[in-house]
Amino acid sequence: MLSTLPPLETDPLWELIRLFKEDKRDHKIDLVIGVYRDESGQTPVFDIVQKAEHWLANNAQSKAYKPLSGNAQFNHHMGQFLLSPDKASAAHHCTIQTVGGTGALRVLGDFIHRLSPNATVWNTDPGYINHQPIMEAAGLRVNHFRWQQKEGVLDIESCFSDLIDAHRGDILLLHGCCHNPSGIDPTFAQWQALATFCKNTGVIPLIDMAYQGFGDGPETDAAGLRWLVSQLDLVLIASSCSKNMGLYCERTGAATIVTKDTAQQPSVRVLLEHIARVNYSMPPDHGAAVAAFVFNHPEQWTAELTKCRLRILTIRQQLGSTLKALGASAELCALAKQKGMFSLLPFSAAQMQQLQEKHAIYGTSNGRINIAGLQTHQIRTLANALIDISQWGNHNNANQQTA
């Protein structure tokens, strides 16, 4: 069997992390992995999460198997967090716990393939590095549409121009907020335009809500998603507690299907459970139990989440103002206007390699950097390096044109 094993490349993200760890330079900066870090450079455990874990340990709840849908209390809270605290909305959504947001994406990919195997998934370009592989692994075809900035906002006309061939039953894969990797989010008016597009074409939105609370706050971050739900007959949602509760390694996520046809909900749940059963049987309970406890203590959690969000915002604004003061290009200064943990540098893969080799600053080859991984004392170092690499790229391009 193993004689037919093909040569495979290692995952590029984890390869970069390995290279960073092996780099001996003291001034190196890791902007690769998508985790929040505090001013000390650590990814903290929320105080409310520690409180939840102490409570769970002291109450010694049973470790017996849970239902295929996972932790029912967690599912209830996730539905309300995503859609609204209005209890009436619960009748219109089916939520099951999954193995992280990635597990939710795969479960929903399998769900789509079971019911509409010829559907095309339309994915943003640039997009989250794992979206396309997950959807293709589920047997779905993936096409792309441009996701770029124009005059400080999302260039929605380019989106619609590229989606001209999207047909009824196709899937529009969007980030609910804090677009990864670009940091470019739609305005509310643009969310309304996207809803109208889906309504007119019959395209079904699949919203990846991995960063709710990291943009403008939980409610504002969900505004676009909630508008889609209010306007359309069917919306699919993959969500995660990795970022907004710091439960990264607990793999705590959910797959949600919202439909106005409430009679279909029992069948929807059974199919989701069947898909989960053959993938991982049931999700681990610890992270979901922690999250359920956290949802029941919203004031402390919201305060800690706000602290994280404001720190990211401050770092982003300081980086933007430093770049502007140093005379950086408008493209680089635009980083200040973006949202969430990530931004996409206007750099080629060669420039990102130069950033790594010359300045010991690590980002992904497509230009993504994790703003939430930056410390205050590193801001000026990063700004100078970005300007240097930008000028190197311009000089290198000029030499190639001359040649």
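Not less than 6.0 angstrom separates the ring centroid of H131 from the ring centroid of H144. Aromatic ring centroids of W227 and F188 lie under 6.0 Å apart. Ring centers of H77 and F81: at least 6.0 Å apart, outside the cut-off.
Proximity of a side-chain donor or acceptor of T4 to a complementary backbone N or O of M1 within less than 3.5 Å is detected. D23 places no side-chain N or O within donor-acceptor distance of the main-chain N or O of L19, the cut-off being under 3.5 Å. Here the side chain of N75 pairs a donor or acceptor atom with the backbone of S69 at under 3.5 angstrom. Counting only distance, with no hydrogens or angles, the side chain of R368 and the backbone of L31 share no donor-acceptor pair below 3.5 Å.
Figure legend: cation-pi geometry between K51 and F293 absent, as NZ or CZ is not positioned both under 6.0 Å from the six-membered ring centre and within 45° of its axis.
Remark: E53 CD to N58 CG distance equals 12.0 Å, nearest 0.5 Å. Between atom CD1 of residue I171 and atom CE of residue M135 there is a gap of 8.5 Å, rounded to the nearest 0.5 Å.
Judged by distance alone, the side chains of T364 and N366 do bring a donor and an acceptor atom under 3.5 Å apart. Residues D208 and Y128 bring no donor and acceptor atom of their side chains to less than 3.5 Å of each other. Counted by atom type alone, R380 and T322 present zero donor-acceptor pairs between their side chains at under 3.5 Å.
Ion pair D38/R311 not flagged as a salt bridge, since none of the NZ, NE, NH1 or NH2 atoms sits closer than 4.0 Å to an Asp/Glu carboxylate oxygen. In this structure, E15 pairs ionically with R18, as a charged nitrogen and a carboxylate oxygen lie closer than 4.0 Å.
Looking only at side-chain heavy atoms (C-beta outward), I204 and C198 stay at 4.5 Å or farther from each other. By the 4.5 Å heavy-atom criterion applied to side chains, C178 and F342 are not counted as neighbours. Using a 4.5 Å heavy-atom cutoff, the side chains of I389 and H359 are in contact.
Around the NZ atom of K150, the shell of radius 6.0 Å holds no more than 12 heavy atoms that belong to other residues, nucleotides or ligands.
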